[in-house]
Each structure stands twice: as C-alpha cells, then as structure tokens.
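So the structure is just underneath, and the comments pick up after that.
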Amino acid sequence: MGRKRSITGIIFVAWILHACAAFGAGDVKTYARYVPESQGDFAWENDIAAFRAYGPGSRDSGVDSGIDCWLKRVPHSIINNWYSLEYSGKSYTDDHGEGLDNYHVGKSAGCGGTALWLAGRRIPLGPFVKYEIKVMNRVRCVFTLIYSKEISGVVYGEEKTITVERENRLFHVKSVFKKNGVVARGLPVCVGLTTHGGAATTSHSLDNGWISCWERLDDSELGTGVVLLSPVESVVHHIRSEDLDKGHILRIARTDNDGAISYLAGYAWKKEGSIRTQQQWEAFLNNPVMRFKKKN
C-alpha cells in the first residue's frame, strides 16, 4: 500500500490475468511476475509471504525503492487473484479470506528496502527501471530489479537480485551498486525497516546482525525484519519521526570489492498463525536455521 492506483489498459489487464490463471496461479509454489496493469510493479511470493516492489510507472506516485508486504494467510498463490479482485471492484486492501495489503510503504524503506547513505542521510534510488526473471519454478524464483538515479551529477545504479524459496519466510537479496556504470567499492548503503512514524517497537541484535519491528496493524500484529549478511557498522541507526515515510531503523554496510552487499528480509503476520508474538519473531531471527524455514 502507499500509492494511489490508476486503472489503465483494461483489455490488456483481462488478457494477462487470464493467462496467469491458466498458468495455475492458485497452486502452492513460488511465483513472481512483472505487473504492467499496476504501473509496472513487480510482485513475488511463496507459500508463506508475498511482496511487491514499485516499478517505472510509479515514479511520480509518492513511492520509492521500498518493499511492500502483502499479508497472506493461505499457502496457495494469491498475486493474480488479488489483482483480479482489484479490477473487479474488490480491493486487495480488504481481506476477502486470503489476507490483504494494509502495510504502508510510501517513500520509506518498507520491509528491507535499500538506499544510499550519504552525509548521514538516507537517499533512495526511486522505483526500479528494468527487471529480469532468471529462474521461476515451483520451489524457487530468482529475479533482478535494476534501479538508477542521478544524484549531484553522478548516476548511481543498483542491481538487486532477489531469491525467494518455498517454505522460506525470508527472501535473500544480493545488491550490486555502481557509480556512472562502474562497480562502486566501499559505498555506504543502508538497509532498513519503516517504523510507521514510530508506531512500531524496534529491536536488534548486533551479534546476529538483525533489526526488527513489531507493530499493531489494524486487527492483528506484524513483525518485519532484516538480517545483514555483509559486514555492517556497529551502530544501529534510529531515524525518529512521526512522518509515516521517514521513521526507520537502519543498518549501514559498505559494498565489497564487487560493489555488493547481501541480506535477508521478510515478515511474520500474527493472523497467519505461525509466529504470533514479538518474542517468537525475535527468536526466529536469532536462529540461523529457522531464519529460512516456516515455524511449525
């Protein structure tokens, strides 16, 4: 959530949704696709969670490079069904039995969005400009979202490769950053979580490399988390603001010799039922094995 939606290309929308339904969108699997009928966004999911990144058509829509959580509580694929509901007049911001999108992102990092960290400021690179799907099958999807933005005469780029696997609550990210087309070594980058204007309770573990938010969200509760796999600064940054788009908990990493950082990100929704408290969520993030597996 966090953007006004425009309805365009109705005939094309109907065709793409029909094609996706034929693909078997209701099955239990990993799934990802470009969404031309929603301003060129990109959505992905597995049997536990679903997410969205904002695309080329969103550049003037009040969103940025943050990652949106789609809160699902069923094991089967929901992406195409929710878009189909939207275009039939039933918004996916309401729960029709499978979950809903009530998580605000706007210009924030959302759940694990990246940004540059320059002069002590978070500077995101805007919605992605290109995408490439590399692997997509029932157990694993791999795709790359490409970001680009000119800042003070320098064109910064990010190639964010995301891997989502069945039964893995957290998706994996490897991001490669460039300056004017050249690999950017030692570039300070922040990875963060929105606190929704300070409404979320934040926590972190320096030893295990994670940051977390736990918050009340409508009639349920939500935990979001990031686990840094790259070396990070020892300081956890709290940007305190009542503005929904500005409050964050962040970790800062510097890109390696290949211009890369890597991390995990994801969420636990109380209504889904596997993780129901902040304490369970933090225990999950602390456990190197359970980070990758659904809590039974």
Side-chain angles (χ1 to χ4, degrees), residues 1-3 48-54 62-73 93 95 99-115 117 120-124 169-171 173 189-228 232-233 235-253 263-287 290-291 295:
M1 199 166 68
R3 180 193 61 197
I48 304 171
F51 303 89
R52 171 175 57 173
Y54 300 109
V63 295
D64 216 293
S65 59
I67 294 176
D68 190 15
C69 299
W70 277 22
L71 308 183
K72 60 182 287 186
R73 54 191 177 98
T93 60
D95 192 339
L100 76 167
D101 172 25
N102 62 345
Y103 181 82
H104 175 81
V105 180
K107 290 186 175 295
S108 77
C111 180
T114 49
W117 184 254
R121 292 176 53 232
R122 176 182 172 271
I123 303 178
R169 182 173 292 282
L170 307 180
F171 59 88
V173 178
V189 176
C190 61
V191 186
L193 302 168
T194 177
T195 64
H196 286 137
T201 300
T202 62
S203 56
H204 66 272
S205 169
L206 295 179
D207 290 339
N208 292 316
W210 56 260
I211 54 177
S212 171
C213 288
W214 187 268
E215 60 189 300
R216 184 79 183 177
L217 199 58
D218 293 340
D219 63 346
S220 189
E221 297 175 41
L222 179 73
T224 54
V226 168
V227 183
L228 271 297
V232 290
E233 293 182 1
V235 177
V236 175
H237 291 265
H238 294 266
I239 300 177
R240 304 188 189 281
S241 173
E242 294 181 0
D243 189 311
L244 280 178
D245 292 357
K246 294 180 179 179
H248 286 93
I249 180 171
L250 305 169
R251 295 299 303 270
I252 313 300
Y263 63 96
L264 307 168
Y267 70 80
W269 187 33
K270 182 177 180 179
K271 192 172 285 189
E272 183 267 337
S274 298
I275 294 175
R276 300 180 59 83
T277 67
Q278 180 181 352
Q279 292 72 28
Q280 290 175 340
W281 178 231
E282 292 175 1
F284 171 87
L285 294 173
N286 271 321
N287 189 319
M290 289 303 295
R291 284 174 183 173
K295 186 177 178 68

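Computation of the quantities below employed the complete heavy-atom set of this structure, encompassing side-chain atoms and omitting hydrogens, waters and symmetry-equivalent molecules. What you are looking at is a predicted structure, and each value in this text was computed from that prediction instead of being measured.
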Notebook entry, point to check: Would a 4.5 Å heavy-atom cut-off, applied to side chains only, mark Ser220 and Trp269 as touching?
Noted result: yes

Next item on the list: For residues Thr201 and Gln278, determine if any side-chain heavy atom of one lies less than 4.5 Å from a side-chain heavy atom of the other.
Entry: yes

Checklist line | OG-CG distance between Ser108 and Leu244, expressed to the nearest 0.5 angstrom | finding: 8.5 Å

Item checked: Interatomic distance, His196 atom NE2 to Leu222 atom CG [nearest 0.5 angstrom] -> 8.5 Å

Next item on the list: State the CD1-OG1 distance between Ile249 and Thr202, to the nearest 0.5 angstrom.
Entry: 4.5 Å

Note to self: Using the ring centroid of each side chain, check whether Tyr267 and Phe51 are separated by less than 6.0 Å.
What the structure shows: yes

Margin query: I'd like to know if the side chain of Glu282 pairs up with that of Ser212 as donor and acceptor (distance under 3.5 Å, no hydrogens or angles considered).
Written below: no

Notebook entry, point to check: What distance separates Ile211 CD1 from Leu206 CG, expressed to the nearest 0.5 Å?
Noted result: 11.0 Å

Check: If you count the non-hydrogen atoms of other residues, nucleotides and ligands that lie under 6.0 Å from NZ in Lys246, is the total more than 12?
Finding: no

Next item on the list: Using atom types as modelled and distance alone, determine if a side-chain donor or acceptor of His248 lies under 3.5 Å from a backbone N or O of Ala109.
Entry: yes

Check: Do Leu285 and Asn208 have side-chain heavy atoms sitting under 4.5 Å apart?
Finding: no

Item checked: Salt bridge Glu221-Lys270, side-chain N to carboxylate O under 4.0 Å -> yes

Check: Would a distance-only check, ignoring hydrogens and angles, find a side-chain to backbone donor-acceptor pair under 3.5 Å from Tyr103 to Gly110?
Finding: yes

Checklist line | Flag for Asp245-His104: side-chain donor and acceptor within less than 3.5 Å | finding: yes

Next item on the list: Without swapping roles, check the side chain of Tyr54 against the backbone of Asp68 for a donor-acceptor pair under 3.5 Å.
Entry: no

Item checked: Student check: side-chain heavy atoms of Leu250 and Ile239 closer than 4.5 Å -> yes

Next item on the list: Enter the distance from Thr93:OG1 to Trp70:CH2 here, rounded to the nearest 0.5 Å.
Entry: 10.5 Å

Item checked: Atom pair CG/CG of Leu264 and Leu228 - distance to nearest 0.5 Å -> 9.0 Å

